[in-house]
Amino acid sequence: MSSIFLNALVLQSGYNAALVALGAALLGIAAGSGGTFLFLRKRALVSDAVAHATLPGVGLAFMIMVAFGGDGRNLIGLLLGSAVTAGLGLLAVEWITRRTRLAEDAAIGAVLSVFFGVGIVFLTIIQSMSSGNQAGLEGFLLGSTAGMLFRDAVVIAVGGALAVAVVILLRRPMTLVAFDTEFAATAGINVRRMDLAMMGLVMAVTVIGLKLVGLILIVAMLIIPPVTARFWTERTDRVIWIGGAVGGVSGYLGAAISASAPNLPTGPIIVLVSFGLFVLSLLFAPRRGMLAALFRRRRFQLRVHRRQGLLALAHNEPIFDRLTLSVLSREGLIRQDQVPTEKGRAQAAKALRDEKRWAVARQLYADEAVEGRYDGLTPIETVLTWDEIAEIDRVIGPPTAILS
Amino acid sequence: MAIAAEPIDIAARRDPSASVVNLRDSPLAVHELTVSYGEKPAVFSVDTMVPPQSMTAIIGPNGAGKSTLLKAALGIVPRLSGRVTVFGQPVEKAMHRIAYVPQRASVDWDFPTRVIDVVLMGLYRELGLVRLVRRNHRERALSCLERVGMADFADRQIGQLSGGQQQRVFLARALAQNADLYLLDEPFAGVDAATEKAIIDVLKSLKAEQRTVVCVHHDLATVADYFDHVLLINVRKIAEGPVATVFTGENLQKTYGGRLATTHIDQLKLPVG
C-alpha cells in the first residue's frame, strides 16, 4: 500500500493516475487562490449556488449535442453548457438580492435547489433516451477520474492558468472591494463589475473542476484553502499564495492517495486532505491557531492572578482563590501557611508602588499613549522613562514596606 | 529622506493644471437631491453649496440623512433625483479629486491587512492594476501615517488597533489620495480625546492647504470650535451658512425638534446674536 502511494506520489503509477494528480494539483491551485476573494467578501455560499446551477447545463448540452447527431459526451460542449446555466444561476441570485427584499442566503437557497432539481430531471430524461452514450454523466455530481484524458488535463491547465492570471491581475481592486466597498466605489472601482468578475472566476474554476471533483464538492476546494491560509498570515496577498499552495498540495496528495488503493474516490479524498490541512492550521497556527490562543489566554490569566495576589499581600488581605494561591506559592512568594516570604513581600511592595505610580501617571499624562497602556498588569517602567517615574515618585513619597 | 511630513510638500506635488482650473467653483454643489431606501425619503430635495476651502459640518439628529446625503452625493447610494457637481464638473467625472472617509464601523477590522496596506489603498488610482508598489509609494504612505501620528503602527494588523487609531488610519488613507475635497462620515464618533485632537489638527491643516473639508458631525458642543460652515438637515435642509450666523439655538430647535432640550442648547457655545 505504501509503495503504491509513493509511486502515485512520484507519478509512477500509470498514465491516468499521473494525469489525474497533475490535473488535481492545477485545479487546487486555481481554486485555492481564486476562492480567496469569495471568502474575504463573505460570499462563500454563492459559489455553492453557482456549482449546483451547472447541472442543468450539462444535461441540456448533452441533449442538444445528441439531437444534432454528435457525441453527447464532448467535454468542451458539456462545460460550455454548464457555464451557461451557472451564469444564469449567478444572475438569478444577483437579481433576487438586488430587486427584492430577500436576503442573499434566501436567494442562494432558492436558486441552488431549483437549478439542481432541474438538472436531475434532465439527467433522468437522458437515462431513458435510447440514443447517445449517456454513461458517465452522473460523474459530474461527485467527479470521476476513471476516463480522464490528456485533453481533460489540458482543459484544467489552461482554464486554471487563466483563473490564476485573473486573480493576480485583479487582486488590488478585489481586495479593496472586499475590505471597504464604499471606499472602493469612490476610488474609481466599479464594485458591481468587480463582483461579477469574482463570480465569473468562481464559475470558471467550478466548470473546469466539474469532471474531476464534481459540482457538489467543488465549493470545498474554493473555500477551505483560503480559510486555511488565513490562519497563517495577516496579509491578503499571502492568503492568495498560501491558499493556492494549500489547494495544490491537497489536490496532488488527494489524487495520489486515491490512486494508491482501489475504490477510493478522488474528489472526496482531495476535500478530506484539505480538511486535514485546515484542522492542522486551526490547531497549530502560531498566532491565530486555537492552541496559541489558549496558551495566550492561560498565560494572561496567570499574570492577572499573580498581580491580584501580590496586591492582596500588599494590602494584607486574605487570599481565597486557589489559582492565585498556587501561582504565588509556585513562585515561592508565599509559604505553605500563606504567609508571604521575603521575596513575596518585596514583589508585593513593588506591585503596590507600581499601582500608585500608575494612578499619578494617568492624571499627569491623560493622553492615549499612557492612558491606553494601563491595564493593571503592564509595569510602568515599560511605558515611562525612569526620569518620568522619578518625577512621579516625588509626588508619592518613599516606598512603604510590606509587613508579614 | 526626501519626503517631509510638511503639508506644503504634498500640496506642491499636486498636478497644477488639475487644481487651478476651477478652484472657484463650489467643491460640492448639490441640487434637489432626494434619496429613498423604500417609500420614505431619507433625504428630500436638498440643495446645498459648500464654499471653497471651508470646513463644513453636516448636522442633524439620528436618521436625518446626514450620511445618506454624503453617500448619495458620491453615488454610493442611488439618487432618486438630483444633480451633484464637484468643482463645477459632474461628480462622476471629478471622483479623482475627492477623498472619502467612511464610518469606521462599516468595515471588518479582522480583514487580513496591515496599517500600511490600508494607506496604500489610497494610492490605488495611481497604482492601478499592475504597477508595483515602490519605495516612494511606501514612503508617501508612511508620511501620511506620520501626519496622523500612526507611523509606528505601519506593520500592525488593523484588528490590533483601538477605535481611535483605526479612524486615524482611515484618515491617513484619505491623505494619501491627495484630494481637493475631503468628505468624512462621523470621523469623531467614538474616538479618544487624543485622536480627536489629531484628526482636527490634520483637517485644519488641509484647510490651510486650500482644500475643502466636509464632515458629518454629531457633537454640537464642538461645532463652533472645529468648523466655519454648517449645513443643518433633518431629511430636508433646515439652514446652511457660516457658523456665526446659522448655528443658532433657533435653527437647532428647528432641526432637532423636541429631541434637543432648551437647556442643552443654552450650554452650547453659540455665537451671540
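Residue numbering restarts at 1 for every chain, and letters A, B, ... go by the order of the sequence lines. As a basis for the values below, the full set of heavy atoms in this structure was taken, side chains included, without hydrogen atoms, waters or symmetry mates.
Neither the backbone nor the side chain of A/Ala184 comes within contact range of chain B; no heavy atom of the residue lies under 4.5 Å from a heavy atom of that chain. Both the backbone and the side chain of B/Leu127 come within contact range of chain A, each with at least one heavy atom under 4.5 Å from a heavy atom of that chain. B/Gln177 touches chain A through its side chain: at least one heavy atom from C-beta onward sits under 4.5 Å away, while N, CA, C and O do not. Proximity to chain A is limited to the side chain of B/Tyr124, based on heavy atoms less than 4.5 angstrom apart. For A/Thr175, the parts sitting under 4.5 Å from any heavy atom of chain B are the backbone and the side chain alike. Contact annotation for B/Lys197: neither backbone nor side-chain heavy atoms come within less than 4.5 Å of a heavy atom of chain A. The contact between B/Val118 and chain A is made entirely by side chain atoms (from C-beta outward), counting heavy-atom distances below 4.5 Å. For B/Val191, no part lies under 4.5 angstrom from a heavy atom of chain A. Looking at B/Ile76, only its side chain comes within 4.5 Å of chain A, counting heavy atoms on both sides. No part of B/Glu126 comes within reach of chain A, as not one of its non-hydrogen atoms sits under 4.5 angstrom from that chain. For A/Arg171, the part lying near chain B is the side chain, with the backbone staying farther off; criterion is any non-hydrogen pair under 4.5 Å.
A donor atom on one side chain and an acceptor atom on the other are found under 3.5 Å apart for A/Gln301 and A/Arg298. Between the side chains of A/Thr385 and A/Glu388, at least one donor-acceptor pair of N or O atoms lies under 3.5 Å. No donor-acceptor contact under 3.5 angstrom links the side chains of B/Thr195 and B/Gln167, judged on distance only.
Rounded to the nearest 0.5 Å, atoms CG (B/Asp180) and CD1 (B/Ile98) are 9.5 Å apart.
Remark: A/Arg230 is not positioned above the aromatic ring of A/Phe39, lacking an NZ or CZ atom under 6.0 angstrom from the ring centre and at most 45 degrees off the axis.
By number of non-hydrogen pairs under 4.5 angstrom with chain A, the leading residue of B/Asp110, B/Asp117, B/Leu120 is B/Asp110. Of the residues considered (B/Gly38, B/Gly149, B/Gly128), B/Gly128 shows the highest number of contacts with chain A, using heavy-atom pairs under 4.5 Å.
Counting heavy-atom neighbours within 6.0 Å of B/Trp109 CH2, excluding the residue itself, gives a total above 12.
Taking a cutoff of 4.0 Å between a charged side-chain nitrogen and a carboxylate oxygen, A/Glu355 and A/Arg307 qualify as a salt bridge. Using a cut-off of 4.0 Å between Lys/Arg side-chain N and Asp/Glu carboxylate O, B/Glu209 and B/Arg147 are scored as salt-bridged.
Of the options B/Arg125, B/His96, B/Arg97, B/Arg211, a side-chain hydrogen bond (donor to acceptor under 3.5 Å, both in side chains) to B/Asn178 is made by B/Arg211 and by none of the others.
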